[in-house]
Each structure stands twice: as structure tokens, then as C-alpha cells.
Number of protein chains: 2
Amino acid sequence: MPKRADLSDTFCPVGRSAELLGDRAVLLILRDLFFGRRRFEAIAANTGLGPQLVSARLKLLEGEGVVERHAYQDRPLRHEYRLTDKGKDLFGVLYAMRGWAERWAYKDGETGGGPAMRYIHRACGSDVGTATVCPGCGAALGYGDLKGDPSPALKAEQAARAG
Amino acid sequence: MPKRADLSDTFCPVGRSAELLGDRAVLLILRDLFFGRRRFEAIAANTGLGPQLVSARLKLLEGEGVVERHAYQDRPLRHEYRLTDKGKDLFGVLYAMRGWAERWAYKDGETGGGPAMRYIHRACGSDVGTATVCPGCGAALGYGDLKGDPSPALKAEQAARAG
DNA sequence: CTTGTCACTATGATTATCATAGTTACGATG
DNA sequence: CATCGTAACTATGATAATCATAGTGACAAG
């Protein structure tokens, strides 16, 4: 493609976010990072993206201050990727995407009755459904407040991709 | 690009959303639709996207049931685009993106002190900041509950693009 | 000293994107 | 009645991002 117009200097906040988030690969990598996958190969395998794309996007995310490269061993030198505070704060976006998909993107019965991914409010134990506020205790929900529980179908899919 | 892997049959809800939302043009068009721009030319002008891209993405969004084409006059025949209920339900995603950008994507003073886009809770009049729950009355916030108020800088930028 | 793992980089074919220009249908202006 | 203007597109060609596949470097284990 030709060089796309730069949105990083627009005053519109959605435009600024779109510059980073309007990209399939970025979204999938962030999802995996939130899911706890920190290693390059694990991310590449689960997302199905080629190593070149994963590499490019992780560099981009690092440059944006959303992700940090961290050596987890010295001999041989190996790195893992972690979300920074700025990165963790993107949880609201991914959680909203998940909520929308749970409500609209599945055929009846496709997930076996429940959601593809259940979230439990750690503090009170309630299943929060797709709400932004805990239906049990009324608290606002952020990353860290929630415990994800993938459905059997989702778990099987991920296991298959991990090879 | 080569044909990218299809994510519409993954069990991961973020993956399904990413198939649609992991695209700059889609995000910008949705933003404009939420902002009240319904006409093709208005969207093309404000987003800065070429007519071919706008056309392709509106067709995609229509096919996904997110947008509806609606004739607003007969002679000559003219169409406008409106969000369906499924489309309006994407507000949470765009709102989360806006919140993240307001918190992280601006340099100090760049917006003149306040947010680039203020949101007021219609029911109680509170400025909601970037919260998902009204800080004034505690209600959960959705599209329709909020009244957007662009900062002078953002208003000027949009006026300039409208030509 | 061959095999395996991890984190990448290199290469080449494919195709989406952009900028620009053109089209269709109509109404209004001169 | 011929041109101009507007809205909503479609057509064309150059450019560049993406994918699949293969290869690299550093080390450890067998």
C-alpha cells in the first residue's frame, strides 16, 4: 500500500487510538498478551501470524510504550513481552470488543449455551456476563478485577494451535 | 496483501471482533457514523479516506449488519448510511478507545487543558470524564446516554476537513 | 556432532491501499 | 439547451504491506 495518512496528530481521540488499534495483528497480539502469553513463539503460534509480522508489531507496540521487552534468561538470551501500564489500560477496549462479539457474533448454540469466554468478578464471584459494571456488586470492572474462563470449545481451539 | 487468514470462525470473541474492527478505515467510518455523519461524501471528506475505500468498507459493514443503507431522497436518488442496533452496540468499543487515548495519547496541554472530546451524562448533567460508570449518579453509560462535546481544537480540525 | 528450541531475519509472490481521474444521474444557472 | 454543480460512486495504475516458506545465530541436551 502507499503510505497511509498519519492520524497520530489528529485531535480526535478515536483517530489516535485507531492508528494503533486499527490493525488485525496488533489486536490479536494484545489479546494474547492479556491472556498471559508472553513469548514470541507462543504468540506467533496462537495468532497464526507469521514471525515477521509478529516481530514488526511487537517493535511497534514497544515503541508506543504499550509493551516492554524483558529478558527472562541469559544463557541463551531470551526475551519475553509484557504489557506496560499503558498497555494494561487497553483492557477496556478488548473487553468491549469481546462483549460485542459475545452478543452479536455467534450463531445460537455455537458456543454450547454459554459465552465463548466467561468472566468472573474476583471480588464477589459473580459472572459478569458482558457488563462493564459487576451485576453482583455494582463495581466498575478493569483488568485484574476479572478472571477469564474460556469455554471448552475455545480451550480446545487454543490447544490445537499450540501444536 | 495475500488473502489473510479468516478469523470469523474462531471461538475467540476478540478474534471475531478483530476481523471487523482491526481495520483503520472501518474504525474511522464508525466514528463518523456515531458522530452523526451519514452521507458518503461527508464521511470520505472527514476521514480523509478515498471514495473507493469508503465504498468498500460501507458495503462490508452493510453485509455484517452493522450499517443500513437508506434512501433519503428519490430524485435524484440519494442514500445515507445509518447504524443498526448491532452497529450502535459498538459504541462501547469506540468509547473505550476514546478513553484510552484521552488518558495516554496526548501531550500535556495539547488539548488546552481538558479532554479532546467531553462527554456529558444526559440524565444527570455530569461530565463523565473517561469513566464507564457515571461519576455523578453511578449509572452505566451507553450510546444515547451521553452527549459529546468536542473541544475547540477538534471542532476546528473537522471544520477544516469539511472544506 | 547432530538434533532441538527460541527468537527472530530474508526472500518473493500476492493483493490491499492510495491518489487521481472518470462516470452517472439529476437539478439549477445562464 | 449547454454547461456547471453536487452526490455517490467506479476505474486505473503505482506503491507497499502481508503471507508463506526458508534460513540464521546462539546455545543446551543427548
Side-chain angles (χ1 to χ4, degrees), chain A residues 1-8 10 15 18-29 32-33 37-63 67-82 161-163, chain B residues 1-7 10 15 18-29 32-33 36-63 67-82 161-163:
Chain A
M1 316 146 188
K3 199 198 264 166
R4 57 191 197 183
D6 188 24
L7 292 177
S8 57
T10 181
E19 186 69 29
L20 183 67
L21 301 176
D23 182 287
R24 259 167 51 97
V26 165
L27 255 17
L28 295 177
I29 289 170
D32 276 23
L33 289 168
R37 265 179 279 269
R38 301 200 230 253
R39 297 200 334 273
F40 188 96
E41 287 293 313
I43 293 170
N46 187 253
T47 57
L49 301 168
Q52 191 169 132
L53 234 200
V54 176
S55 173
R57 289 303 184 275
L58 284 171
K59 279 197 178 72
L60 173 69
L61 289 167
E62 198 188 350
V67 149
E68 265 175 0
R69 227 165 88 110
H70 191 84
Y72 66 89
Q73 68 175 36
D74 277 343
R75 331 185 45 78
L77 186 57
R78 292 275 188 278
H79 295 282
E80 64 176 20
Y81 295 88
R82 294 181 189 172
R161 277 197 289 247
Chain B
M1 314 147 188
K3 198 197 267 171
R4 59 191 195 182
D6 188 24
L7 292 177
T10 182
E19 186 69 30
L20 183 66
L21 301 176
D23 182 288
R24 259 168 51 98
V26 164
L27 255 18
L28 295 177
I29 289 171
D32 276 25
L33 288 169
R37 265 180 280 268
R38 302 198 226 255
R39 298 202 332 274
F40 187 97
E41 287 293 313
I43 293 170
N46 187 255
T47 57
L49 301 168
Q52 191 168 135
L53 234 201
V54 175
S55 173
R57 290 303 183 273
L58 284 172
K59 278 195 180 74
L60 173 69
L61 290 167
E62 199 189 348
V67 150
E68 264 175 0
R69 227 165 88 109
H70 190 84
Y72 67 90
Q73 69 175 36
D74 276 342
R75 330 185 46 79
L77 186 57
R78 291 278 187 276
H79 295 283
E80 64 176 21
Y81 295 87
R82 293 182 188 170
R161 277 197 288 245

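The analysis underlying the following values was restricted to heavy atoms, covering all of them including side chains, and did not include hydrogens, waters or symmetry mates. Lettering of chains follows the sequences in order, A, B, ..., and the numbering in each one begins at 1.
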Do A:Leu20 and A:Leu60 pass the side-chain contact (heavy atoms from CB on, under 4.5 Å) test, and can you show the C-alpha distance, the side-chain angles, and the key distance before you say yes or no? CA-CA 9 Å; A:Leu20 183 67; A:Leu60 173 69; 4.2 Å; yes
B:Thr47 and B:Arg57: CA distance, side-chain angles, deciding distance, side-chain contact (heavy atoms from CB on, under 4.5 Å) verdict: CA-CA 12 Å; B:Thr47 57; B:Arg57 290 303 183 273; over 6 Å; no
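Rounded to a whole Å, the CZ atom of A:Arg75 is 18 Å from the P atom of C:dC6. B:Gln73 places its CD atom 9 Å from the C1' atom of C:dC26, with the value rounded to the nearest Å. Residue A:Asp74 contributes atom CG, which lies 14 Å from atom P of C:dA7 at whole-angstrom precision. Separating the CG atom of A:Leu49 from the P atom of D:dT18 is a distance of 10 Å, rounded to the nearest angstrom. When the C1' atom of D:dT18 is taken as reference, atom CZ of B:Arg24 falls 16 Å away, rounded to whole Å.
In this structure, the side chains of A:Tyr72 and A:Arg39 come closer than 4.5 Å at one or more pairs of heavy atoms.
For A:Arg82, the salt bridge (charged side-chain N to carboxylate O under 4.0 Å, His left out) test picks out A:Glu80, with sequence neighbours left out.
Considering A:Ile43, A:Asp32, A:Val54 in turn, A:Val54 is the only one that fulfils the side-chain contact (heavy atoms from CB on, under 4.5 Å) rule with A:Leu49.
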Contacts under 3.5 Å, N or O only, protein and nucleotides 2-8 of chain D:
residue	atom	partner	partner atom	Å
D:dT6	O2	B:Arg78	NH2	3.4
D:dA7	O4'	B:Arg78	NE	3.0
D:dA7	O4'	B:Arg78	NH2	3.3
D:dA8	OP1	B:Tyr72	OH	3.2
D:dA8	OP1	B:His79	O	2.8
D:dA8	OP2	B:Phe40	N	3.4
D:dA8	OP2	B:Glu41	N	3.4
D:dA8	N7	B:Glu41	OE2	3.1

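In this structure, CZ in B:Arg69 is found 4.0 Å from NE2 in B:His79, a value given to the nearest 0.5 Å. Annotation: the span from B:Asp23 atom CG to B:Leu53 atom CG amounts to 7.5 Å, rounded to 0.5 Å.
Comparing A:Pro76 and A:Gly50, the nucleotide of DNA chain D nearest to each residue sits closer to the 5' end for A:Gly50.
Residues of residues 51-60 of chain B having a heavy atom closer than 4.0 Å to DNA chain D, listed by number: B:Pro51, B:Gln52, B:Ser55, B:Lys59.
A:Gly15 approaches B:Leu28 most closely through the heavy-atom pair CA-CD2, 4.1 Å.
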